[in-house]
There are 2 protein chains.
Amino acid sequence: MSRTEPRADGSPVPAYHHGDLREALVRTGIEILEERGLAALTLREVARRAGVSHAAPYHHFADKDALLSAIAARGVWMQNTRMARAMEEAPPPHDGLQAYGIAYAEFASEHPSLFRLMYSHERDSSSMDPRMVEASAAAFQSFLRGIQDRLGCSEAHAHSVSLTLWSSVHGLAMLWLDGQLRWEGVPPLRDLATEVTNLLGALLTSPQKRS
Amino acid sequence: MSRTEPRADGSPVPAYHHGDLREALVRTGIEILEERGLAALTLREVARRAGVSHAAPYHHFADKDALLSAIAARGVWMQNTRMARAMEEAPPPHDGLQAYGIAYAEFASEHPSLFRLMYSHERDSSSMDPRMVEASAAAFQSFLRGIQDRLGCSEAHAHSVSLTLWSSVHGLAMLWLDGQLRWEGVPPLRDLATEVTNLLGALLTSPQKRS
DNA sequence: ACCTGAACACCGTTCAAGT
DNA sequence: ACCTGAACACCGTTCAAGT
């Protein structure tokens, strides 16, 4: 069957220029993840949707794990750009740091499977696009700097604080996604993130000890 | 082949009394998880190690997912008892709440695959052992009460605080397990948990606003 | 009531062969 | 250089048949 015919279900074959199969596979993988979750993300299904044989991906990725890594890296990129924008757009009365945390949680709730894949997949920076490693490091640096500016504290303390903030929002997102938060009618993740970052923000900015 | 002969590699067949295959499968599953991780935890491998045919588990579990749920529930039980003990044993100068958080993190670092399975698997309390549901609820209640006692705050505020504390330690454990914390030589999870709970404890107990 | 063995559909991976 | 098709080992699941 030719690659330009529509598929059996009538949906169009994803358009990709010849020689861009690698990119098409990453995109198709994300598509499957969003539509049907991690369990449906098989190498053969990705190949099927991309309109190539099930062996074709091996010309672009060493194995399934390598494709998953590439998808995870793309997700990190997406989340980073989203958070950076949120931080810039945060109106002056609004705290940029809180906007950052809320954007983090929003991404998680909008892309649950991708988010889980991103953070449950060991990323060895050696196999990552250097531009991405740099972008991630820069994002973290600006996060650290933001904390130090607001608190006027030592770098060591800012480090502790950043770890605590990141852990809180990350843990909250994970617990929420995994359905572990089931006391009452569970509020949307965004609201919980607002609550938690509010609490932490209030605690941190009130004048007191900072070792 | 008889079930009482040693296996090919010479290791003994796990002892379980006839009629206790269900329990043997759960135990064997945890064994595989600890030794070789989630990817190695297949239904067929569990059956193999337990010395039964690959179809036998279906007489005790509806499908693989049901076995995973049972294993996850066992893990929750293990973690709960461990944390309860840690809280009791905490010496008076030591804060019981902090001991709780540290025990949580310690369990995660000692049983990484089991921990991940526990929290990445939606638990529907309907299919869980009622004793376990009750035990979990009781553990959370005592956690909540501990917060309210120490802070002398409203129940609503204690709820916010408990969510924040839980999220922090959970997120920290997850990020650590997934190798996302790679600035310097990463400290043991226990040390990071001490650092984060120290910070949060100090912030919470200093006299200030509690809405 | 509990377990087995064969069978089916599916998956990841490899490789000789095609263009 | 890139892709295909057949092949292999493995898995989850089902089911008739055994005790």
Side-chain angles (χ1 to χ4, degrees), chain A residues 1-5 7-9 13-29 31-33 35-72 113 117 120-121, chain B residues 1-5 7-9 13-29 31-33 35-72 113 117 120-121:
Chain A
M1 70 192 79
S2 157
R3 215 175 305 146
T4 54
E5 291 174 45
R7 290 195 300 258
D9 63 357
V13 172
Y16 66 90
H17 316 300
H18 203 75
D20 217 4
L21 179 54
R22 189 193 153 91
E23 172 66 16
L25 293 171
V26 170
R27 274 215 242 279
T28 307
E31 199 179 297
I32 295 171
L33 220 38
E35 281 176 25
R36 317 213 272 181
L38 183 59
L41 182 57
T42 68
L43 215 42
R44 289 174 106 110
E45 173 64 17
V46 173
R48 228 172 276 137
R49 283 214 199 189
V52 294
S53 82
H54 62 258
Y58 285 91
H59 291 280
H60 301 272
F61 299 99
D63 51 21
K64 184 183 180 182
D65 213 60
L67 173 59
L68 293 186
S69 288
I71 291 173
S113 295
L117 176 64
S120 67
H121 219 250
Chain B
M1 69 194 79
S2 156
R3 219 175 300 146
T4 55
E5 292 175 45
R7 291 195 299 258
D9 63 357
V13 172
Y16 65 91
H17 315 300
H18 203 75
D20 216 5
L21 180 54
R22 189 192 152 92
E23 173 64 17
L25 293 171
V26 170
R27 274 215 242 278
T28 307
E31 199 181 297
I32 295 172
L33 220 39
E35 281 175 25
R36 315 214 274 181
L38 183 59
L41 182 57
T42 68
L43 214 42
R44 290 174 104 110
E45 173 65 16
V46 173
R48 228 172 276 138
R49 285 214 199 188
V52 293
S53 82
H54 63 258
Y58 286 91
H59 291 280
H60 300 272
F61 299 99
D63 51 20
K64 183 184 181 182
D65 214 60
L67 172 58
L68 292 186
S69 288
I71 291 174
S113 295
L117 176 64
S120 68
H121 218 251

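Because the structure is predicted, anything quoted here is derived from the model rather than measured. The chains referred to below are lettered A, B, ... by the order of the sequence lines, with proteins before strands, and numbering in each begins at 1.
The structure places CG of A:Leu68 at 9.0 Å from OG of A:Ser120, a figure rounded to the nearest 0.5 Å. Between B:Glu23 atom CD and B:Arg27 atom CZ the span is 4.0 Å, to the nearest 0.5 Å. Put simply, CZ on B:Arg48 and OG1 on B:Thr28 are 12.5 Å apart, with the number rounded to the nearest 0.5 Å.
OP1 and OP2 of C:dC3 both lie 4.0 Å or more from every side-chain N or O belonging to B:Ser53. Applying the 4.0 Å criterion to OP1 and OP2 of D:dA1, one finds that A:Arg22 has every side-chain N and O outside that range.
Remark: A:Arg36 pairs with A:Glu45 by the salt bridge (charged side-chain N to carboxylate O under 4.0 Å, His left out) rule, at least two apart or across chains.
Between B:Asp63 atom CG and D:dC11 atom P the separation is 17 Å, expressed in whole Å. Here the P atom of nucleotide C:dC11 and the CG atom of A:Leu41 are 11 Å apart, to the nearest Å. Rounded to an integer number of Å, the gap from CG of B:Asp20 to P of C:dA1 is 19 Å. Rounded to an integer number of Å, the gap from CZ of A:Phe61 to P of C:dT13 is 13 Å. Rounding to whole angstrom units, CG of residue A:Leu38 and P of C:dC11 are separated by 14 Å. Distance CZ (B:Arg48) to C1' (D:dG12): 12 Å, rounded to an integer number of Å. Between the C1' atom of D:dC11 and the CD1 atom of B:Ile32 lies a distance of 14 Å, rounded to the nearest Å. Rounded to whole Å, the distance from CG on A:Leu68 to P on C:dT13 is 10 Å.
For the residue pair B:Phe61 and B:Leu25, the shortest heavy atom distance occurs at CE1-CD1, 3.9 Å. Across B:Ile71 and B:Gly29, no two heavy atoms sit closer than the pair CD1-CA, 3.8 Å. Scanning all heavy atoms of the two residues, the minimum distance from B:Ala56 to B:Leu21 falls at CB-CD2, 4.2 Å. Residues B:Ser53 and B:Pro57 come closest through the heavy atom pair O-CD, 3.5 Å.
Picking from D:dA7, D:dT4, D:dT13 the nucleotide with the shortest atom distance to the side chain of A:Arg44 gives D:dA7.
Stem analysis of DNA chain C (at least three stacked-register Watson-Crick or G-U pairs, each with both distances under 3.5 Å) gives C:4-8 with D:12-16, C:12-16 with D:4-8.
Between B:Leu67 and B:Leu41 the shortest side-chain heavy-atom distance does not fall below 4.5 Å.
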- [ ] For nucleotides 14-19 of chain C, just jot down a letter per nucleotide in 5' to 3' order: B, S or -, based on protein non-hydrogen atoms under 4.0 Å.
- [x] BB----
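Nearer to the 5' terminus of DNA chain C, by closest-nucleotide assignment, is the contact made by B:His60 (compared with the other of A:Glu45 and B:His60).
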